[in-house]
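We number each residue from 1, following the sequence as shown. Counting starts at 1 for both ligands and their atoms, following the listed order. Everything numeric here is computed off the predicted structure, so don't read it as measured data.
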Amino acid sequence: MASIDLSEEILELKRERRAVILAHNYQEGPIQDVADYVGDSLGLSRKAAETDAEVIAFCGVHFMGETAKILNPNKKVVLPDIEAGCSLADSCPADKLREFLDANKEKNYYVIAYINCSAEVKAMVDVICTSGNAAKIALSAPADRPILFVPDQNLGSWVIEQTGRPMDLWQGSCYVHVEFTRKSIEDIRMRHPDAKVVAHPECTLAVRMLADEVCSTEKMISYCRDTPAQSFIVVTESGMLHRLRREVPGKEIIMGPTELCACSDCRFMKMNTLEKLRDCLANLSPEIMIEEGIRARAEQSVRRMLELS
Ligand code: 13P
Ligand code: SF4
């Protein structure tokens, strides 16, 4: 009852503020239910690029809200919890990337950054990618320059497998996805031998090798819906369950090895709550702010991605 009242309050505030609510697939169910759009990083970037709302309430982590602000300098972008970070983004601080690029100037790297990075890093690289378009972006890189891929070594090695294009990889990782182990997937597969395994590319190679499909969170929905199998082991963050159970009714969705290890909640994604969403719409705060020089440079690499995908 309390959550229904809160949801109604949020929808009322959304109308008053002329706001749009964008939510990532990893947000808790009640947040997804009040959102105008729920999707992966690529879908969310596209929605942010095309919205005519005056305020964007971004239910995701900080780099996602930043991407919306990069594309919408004149709109207010608010986040329920400004402290909601990302271990991948943290693994590639802008000053360390600058140091590395300065020390390797002679290589003349073409730098591809996974969208899970700060605005400062986005401002420093040639193009952004997401898990949904990473192979396409790598294939569009100039053939005569070496590629540096930051910050996710696992997504990067998956892109190398997909494209055959060699890349130097920054050694970052997602603390949630690297917790899934080969042994835990083998154990759960023994108990569900007919299930297809669907894994996010942020998982390690050992886990990806056991997967029938490796894809972005959005593609997980269409894969489970369109594949004739009746049961799926989904190896990613727990928020995925909400849409999968609703949009793929009648099929069995087994959330990775959660029965064996409590590793599939992203503590950053789960910092957002309905209460904090209500408060950020009421107060129009906390707001994402980016220094204009950084924002304008970052916009070039984000727009290049949108043009290429
Ligand atoms: P997707 O773009 O596939 O939703 O991935 C975002 C993310 O942060 C995965 O951990
Ligand atoms: Fe970052 Fe991993 Fe959380 Fe995605 S799941 S937001 S990559 S820490």
| Does any N/O atom on Ser216 come nearer than 3.5 Å to any N/O atom on ligand 1? | no

| task | Check whether Leu277 and Val38 end up in the same hydrophobic cluster, where Ile, Leu, Val, Met, Phe, Trp and Tyr are linked by side-chain heavy atoms less than 4.5 Å apart. | result | no

| note | Near atom 3 (Fe) of ligand 2 (protein N/O/S, cut-off 2.8 Å, waters excluded) we have Cys266 SG

| Ile253 backbone acceptor or donor facing Arg245 side chain under 3.5 Å | yes

| task | State the SG-CE distance between Cys86 and Met269, to the nearest 0.5 angstrom. | result | 7.5 Å

| Which ligand 1 atoms are under 4.0 Å away from a heavy-atom of Tyr114? | 5 (O)

| So is Ser131 polar-close to ligand 1, meaning N/O to N/O under 3.5 Å? | yes

| said: For the CG atom of Asp152 and the NE2 atom of His177, what is their distance to the nearest 0.5 Å? | reply: 9.5 Å

| Hey, does the side chain of Asp212 reach the backbone of Val197 with a donor-acceptor pair shorter than 3.5 angstrom? | yes

| Min heavy-atom dist Met269 to ligand 1 below 4.0 Å | no

| task | Show which atoms of ligand 1 fall inside a sub-4.0 Å distance from at least one heavy-atom site of Asn116. | result | 7 (C), 8 (O)

| message | Below 3.5 Å, N or O to N or O, backbone or side chain included: is there any such pair between Asp40 and ligand 1? | response | no

| Which ligand 1 atoms does Tyr26 reach within 4.0 Å, using its non-hydrogen atoms? | 7 (C), 9 (C), 10 (O)

| request: Report the distance from atom OG1 of Thr67 to atom CD1 of Ile115, rounding to the nearest 0.5 Å. | output: 4.0 Å

| note | Near His200 (heavy-atom distance under 4.0 Å), the atoms of ligand 1 are 1 (P), 3 (O), 5 (O), 9 (C)

| request: Out of Glu202, Met220, His177, indicate the one that has the non-hydrogen atom closest to atom 7 (C) of ligand 1. | output: Glu202

| query | Should the pair Phe232 and Tyr223 be assigned to parallel (<30°), tilted (30 to 60°) or perpendicular (>60°) ring geometry? | reply | perpendicular

| Is Arg46 positioned over the aromatic face of Tyr37, cation under 6.0 angstrom from the ring centre and no more than 45 degrees off axis? | no

| task | Using a 4.0 Å heavy-atom threshold (strictly under), name the region of Thr130 that reaches ligand 1: side chain, backbone, both or neither. | result | neither

| Can you tell me if NZ on Lys136 sees more than 12 non-hydrogen neighbours from other groups inside 6.0 Å? | no

| message | With a 4.0 Å cut-off on heavy atoms, is Glu237 in contact with ligand 1? | response | no

| query | For ligand 1, is there an atom lying under 4.0 Å from some heavy atom of Phe268? | reply | no

| task | Could you tell me whether ligand 1 has any atom less than 4.0 Å away from a heavy atom of Asn25? | result | no

| query | Is there a path of hydrophobic side-chain contacts, each under 4.5 Å between heavy atoms of I, L, V, M, F, W or Y residues, that connects Val178 with Val214? | reply | no

| remark: The single option from Glu161, Glu202, Glu213 that satisfies salt bridge (charged side-chain N to carboxylate O under 4.0 Å, His left out) with Arg208 is Glu161

| remark: So for Glu218 against ligand 1, with non-hydrogen atoms under 4.0 Å, the contacting part is neither

| query | Short question: side chain of Arg295, backbone of Ile70 - any donor-acceptor pair under 3.5 Å? | reply | yes

| Val55: which other cluster members, linking ILVMFWY side chains closer than 4.5 Å, directly or transitively? | Val78, Leu284

| field | Contact partition for Leu42 relative to ligand 1, non-hydrogen atoms under 4.0 Å | value | neither

